[in-house]
Undergrad: 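After the structure tokens below, expect a handful of questions from me.
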Amino acid sequence: LWLLIAILGIITLLGPESKILRSYRAGKKDIPLPVLMNAALTLLAGALLIFPGFLGDLLAGLILIPPIKRRVLAQILQRA
């Protein structure tokens, strides 16, 4: 389970970073909101993994799964 979460975390971190770099290279100095929210959810998952307990690990694992993460991001962006 930890290996799967680590792999998903690395894949998730590589996506927003490359989008931000492409944005800077194109001359845009602002970070798009979906990319920023994606990074925030990744940090939240990392924080949940630090705390002991099954529920935190479960929530962090769910947040790191890309289809679930996209749904959560869509809900957050829809309410923003």
Undergrad: Residues two or more places apart in sequence or in another chain: which of them pass side chain to side chain contact (heavy atoms under 4.5 Å, CB included) with P52?
TA: none
Undergrad: Please name the pair of heavy atoms, one in A60 and one in A45, separated by the smallest distance, quoted to 0.1 Å.
TA: CB-O, 3.4 Å
Undergrad: Any heavy-atom pair between the side chains of I63 and L44 that's under 4.5 Å?
TA: yes
Undergrad: Answer yes or no: is there a side-chain heavy-atom contact under 4.5 Å between K69 and L73?
TA: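 They are in side-chain contact.
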Undergrad: List for me each residue that meets side chain to side chain contact (heavy atoms under 4.5 Å, CB included) alongside R71, sequence neighbours excluded, and say none if there are none.
TA: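 Per chain and number, R71 pairs via side chain to side chain contact (heavy atoms under 4.5 Å, CB included) with no residue.
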Undergrad: What are the two closest heavy atoms between M37 and I76, and how far apart are they?
TA: CE-CG2, 3.3 Å
Undergrad: Side-chain heavy atoms nearer than 4.5 Å, only ILVMFWY residues, links allowed to pass through others: does that put L55 and L49 together?
TA: yes
Undergrad: Which atom pair, heavy atoms only, marks the closest approach of D57 to L48?
TA: OD1-O, 4.3 Å
Undergrad: Tell me, please, which residues at least two apart from L58 pass side chain to side chain contact (heavy atoms under 4.5 Å, CB included).
TA: F54, L62
Undergrad: Is there a side-chain contact between L41 and V72 (heavy atoms, below 4.5 Å)?
TA: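 They are in side-chain contact.
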